[in-house]
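Following: one structure in structure tokens, then a few remarks.
The first residue of the sequence shown is numbered 1, and numbering continues consecutively from there. Counting convention: from 1, in listed order, for ligands and their atoms alike.
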Amino acid sequence: MRKNIVAGNWKMNTTLPEGLALAKELDAALKGKTVNCDVVIGTPFTHLATVAAAIDTAKIGVAAENCADQDKGAYTGEVSAAMVASTGAKYVILGHSERRAYYHETAEILKTKVTLALANGLTPIFCIGEVLEEREAGKHFEVVEEQIKSSLFDLSVEDFGKIVLAYEPVWAIGTGKTATSDQAQEIHAYIRKVVAAKYGETVANDCSILYGGSCNASNAKELFSKPDVDGGLIGGASLGVDKFLPIIEAF
Ligand code: 13P
């Protein structure tokens, strides 16, 4: 069954005390509330264990924002998928455009990260999306198709079924410029078609495809009303409960 998901990506924001306070505030705000989507918060590595221990993780899933492309060993400063899983986190955001652009994460590296995440029981939230020049050149469909194929299409049907996709047009991230709901719907439907061609209609229909890029309380309802938009990956607006909760409640 396809799930609606609203996931926060805190990026490199909040100290541990600040992040803990934010997570606790969200936990308290959701207590006793019925919401119509799964809620996830993606926090820096340093916060994962503390946050996971402080909140009701049956209600709010915890995500890492990255993991290593190696299993274990002499990789100073890296954090493995097994380490992430041992904190109580259940998800890992992979392939974010900031990781691709600033840390040179290639399709091949991401493929390895996805495999390691799945092997350690984590749900990858796999990000795809085109830059402005690609959108303007009308290449956005082929760009996302290639990103999906090159990192995910060696997965078994069973493993692909565990992936959450997040379409994040790079030109909409942190810019205040959101894709229109029609633009989001158009490409989400295309992504689902790409998945269906490889893994079949059932897997494609069950796959949650989130939209990310300046999603906020004012545009979430319209975006989430589209049949192929199954939620959001939220950056800036996930850093305050006053902004994040209305997005959750948009479902
Ligand atoms: P903003 O919501 O700040 O545009 O960030 C989106 C994003 O990159 C989420 O991963």
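By the criterion of a heavy-atom distance under 4.0 Å, neither the backbone nor the side chain of A166 is placed next to ligand 1. Only the side chain of N9 comes within 4.0 Å of ligand 1, judged by heavy-atom distances.
Near K11, the atoms of ligand 1 lying under 4.0 angstrom from a non-hydrogen atom of the residue are 5 (O), 6 (C), 7 (C), 8 (O). Short contacts between ligand 1 and H96, defined as distances under 4.0 Å to a heavy atom of the residue, involve ligand atoms 7 (C), 8 (O), 9 (C), 10 (O). Atom numbering of ligand 1 starts at 1 in the shown order; those under 4.0 Å from a heavy atom of A172 are 4 (O). Contact atoms of ligand 1 toward G213: 4 (O), 6 (C) (distance under 4.0 Å to a heavy atom of the residue). Near E168, meaning under 4.0 Å from one of its heavy atoms, ligand 1 places the atoms 6 (C), 7 (C), 8 (O), 9 (C), 10 (O).
Nearest non-hydrogen protein atom to atom 2 (O) of ligand 1 is G235 N, 2.9 Å.
Classified by interplanar angle (parallel below 30°, tilted 30° to 60°, perpendicular above 60°), the ring pair F160/Y199 is parallel. F224 and F251 have parallel rings, their planes meeting at less than 30° on a 0 to 90° scale where 60° marks the start of perpendicular.
Ligand 1 lies out of reach of G176, whose nearest heavy atom is not under 4.0 Å from it.
Heavy-atom proximity to atom 4 (O) of ligand 1, evaluated over C215, G174, G236, G212, is greatest for G174.
Of the charged side-chain nitrogens involved, at least one lies within less than 4.0 Å of a carboxylate oxygen, so that R192 and D230 count as a salt-bridged pair.
Side chains of L22 and F244 form no contact here, defined as non-hydrogen atoms less than 4.5 Å apart.
The structure places CG of D71 at 11.5 Å from OG1 of T115, a figure rounded to the nearest 0.5 Å.
Using modelled atom types and a 3.5 Å distance limit, the side chains of S218 and N216 yield a donor-acceptor pair. Under 3.5 Å, the side chains of E65 and H96 contain no donor-acceptor pair of N or O atoms.
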